[in-house]
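Each remark here refers to the structure printed beneath this line.
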Amino acid sequence: MFGLNNVWDVIIVGSGIAGLYTALNVSEKSKTLIITKGDIKESNSYNAQGGIAAAIGEDDSPDIHFQDTIRAGDGLCNPEAVKILVYSAPSIVEELIKLGVEFDRDETGRLDLGREGAHSRRRVLHSRGDSTGKAIMEVLVRRILEREVPVRDQTMVLELIVEDNICKGVLVWDKRSELIYPLFSKAVVLATGGIGQIYPFTTNPSVACGDGLAVAYNSGAELCDMEFVQFHPTVLKHPSAPSLLITESIRGEGGILRNVYGERFVPKYHEMGELAPRDVVSRIITEEMERTNSDYVYLDITHLSKEFILSHFPMIYRECLKYGIDITKDYIPVAPGAHYMMGGIRTNLKGETCIKGLYACGECAGTGIHGANRMASNSLLEGLVFGKIIAQEVSNYVFNNGDVDVLDIEVREKKIYKEELLKKFRSKMQHLMWKYCGIRREESGLKVLLEELERMQQEVIDMPVNNFQDVETKNMLLLSRLIAESALERKESRGAHFRVDYPYRDDIYWQKHIIKKKG
Ligand code: SIN
């Protein structure tokens, strides 16, 4: 029953930067398959505006990049992982250039280095201004197609196939054929990205539902640092516009935050002003919105030249103009939105999880690089650096492990049910998470949230799923619970986790990681 196209050496789940770069670096001798539940172009990486941090400026060094990352991580980074990241960054940039990525350069031809929050040096590389993610992903997709790595899109992972703590493949749902069937492999790499859709207002695309984390957890893998969700301070807030990220580089280039009365407010609360760490700026904005009884503040770059704005932020200019906002003349209405999951599937420095043959890479992985708060533009870099390391590990693992184990799992046709029962749970969960487990948290709210989430989870547990969204909703209910439990457990404030009832960092009790494992 199982043709060769269902048996692989390596299956990579996810088609963002981590998945594609891993695939490009796996040995060509390995039979590798990429699966993705949407289109190959739907990922956080594609939307990334901020660029790639690399210490290549004359006044910079990997050591300074290391110190900045550790400081941003607020005492919880894994220094070994950070070292690998920052020391590999310059050579990874070289590799991308060789692959065909054209980074922006200044008038002398040198790489143009931008500044973002928490970076003490200019070190952020962009390509096509604020379309860096798209520019890099287009090159990677082209290389994947040239190398003829097969990609199965519209295919969602429902479960990992794990026997005796060895990962032997994945059970997938193929939207086109409406079949549920197993794919067997010697190794599986999860590169499924973030969890932004757990919240109602997010920079993440609709596919970012944490599916990889949920299937890994259900199979016995460990999740760590789930309480650390980063909220980006500036997301476009306009009644008819999608929640578009307004890159931090705008503040890096002198953008000013103003309240609805046009008054600058951040420097009153923090000496670094608009470039204070993201969690701090997000909280200051939230308080200012409450104080002024508004659901947005403004970001103002009208003092920059039109030429500079058009060359550095062409995409934001075009997108805002669609909604009548000319960013060269008008203030941009913005509010904080969910952006990045610092935690994830716990891995060692080689991307290995506690399940043999199962690896995790990129945003879905918990390597400890980001600690309690990720520094801007370290995440595309993480996907590339660890994608390459994991590809080498996986290639060795595959080479040293005999045949693929083909288990007796039948192919089923997906039943479609009349009622769409799960739909209503998603928005309820999102609103509860925003209210009780968002930028500010406290014990009483987290307890209310957990009760609600547990009740909803019980209700949906046996509900039939009709489409990918239903599976996502079940996954997100599980992950919301794990985030809320971790947030309740951590009785301190650190990085992106802010507890109103425990507003200070507590290194005596809490300089440690919270790990979640089923059972
Ligand atoms: C941004 O451009 O502000 C986002 C960059 C990032 O989160 O790394």
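Along the sequence shown, residues carry numbers from 1. Just follow the structure's listing: the first ligand is 1, and inside any ligand the first atom is 1. As the structure is a computational prediction, the values presented were derived from the model and not from experiment.
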* For atom 1 (C) of ligand 1, which protein heavy atom lies nearest, and how many Å away is it? -> Thr247 OG1, 3.4 Å
* **Ion pair Arg494/Asp74, N-O distance below 4.0 Å** => no
* Contact atoms of ligand 1, heavy-atom distance to Ser377 under 4.0 Å -> 6 (C), 8 (O)
* Structure fact -> Output for pair (Ile325 CD1, Ile316 CD1), nearest 0.5 Å, gives 11.5 Å
* Atoms of ligand 1, numbered as shown, that sit under 4.0 Å from any heavy atom of Glu248 -> 1 (C), 2 (O), 3 (O)
Cut-off 3.5 Å, no hydrogens considered: what does the side-chain donor-acceptor table look like for residues 430-439, sequence neighbours left out?
from	atom 1	to	atom 2	distance (Å)
Gln430	NE2	Gln197	O	2.8
His431	ND1	Ser427	O	2.8

* Asked: So does Glu290 pair up with Arg440, basic N to acidic O under 4.0 Å?
  -> yes
Identify every side-chain donor-acceptor pair in residues 12-24 under 3.5 Å, counting partners at least two apart or on other chains, and give the distances.
from	atom 1	to	atom 2	distance (Å)
Ser15	OG	Thr36	OG1	3.1
Tyr21	OH	Glu95	OE1	2.5
Thr22	OG1	Ala18	O	2.6

* Which of these, Gln49, Met375, Arg278, His126, has its nearest heavy atom closest to atom 6 (C) of ligand 1? -> Arg278
* Asked: Is there a heavy atom in Gln230 that sits closer than 4.0 Å to ligand 1?
  -> no
* Atom indices of ligand 1 within 4.0 angstrom of His232 heavy atoms, with elements -> 1 (C), 3 (O), 4 (C)
* To do: Heavy-atom contacts with Ala376 under 4.0 Å: which atoms of ligand 1 show up? List them by number with element.
  => 8 (O)
* Asked: Hey, does Ser249 sit under 4.0 Å from ligand 1 if you only count heavy atoms?
  -> no
* Asked: In a check of side-chain contact (heavy atoms from CB on, under 4.5 Å) between His370 and each of Glu363, Gln230, Glu382, Met375, which one passes?
  -> Glu382
* Structure fact -> Near His339 (heavy-atom distance under 4.0 Å), the atoms of ligand 1 are 4 (C), 6 (C), 7 (O)
* Would Lys134 and Glu138 pass as an ion pair if we require N to O under 4.0 Å? -> yes
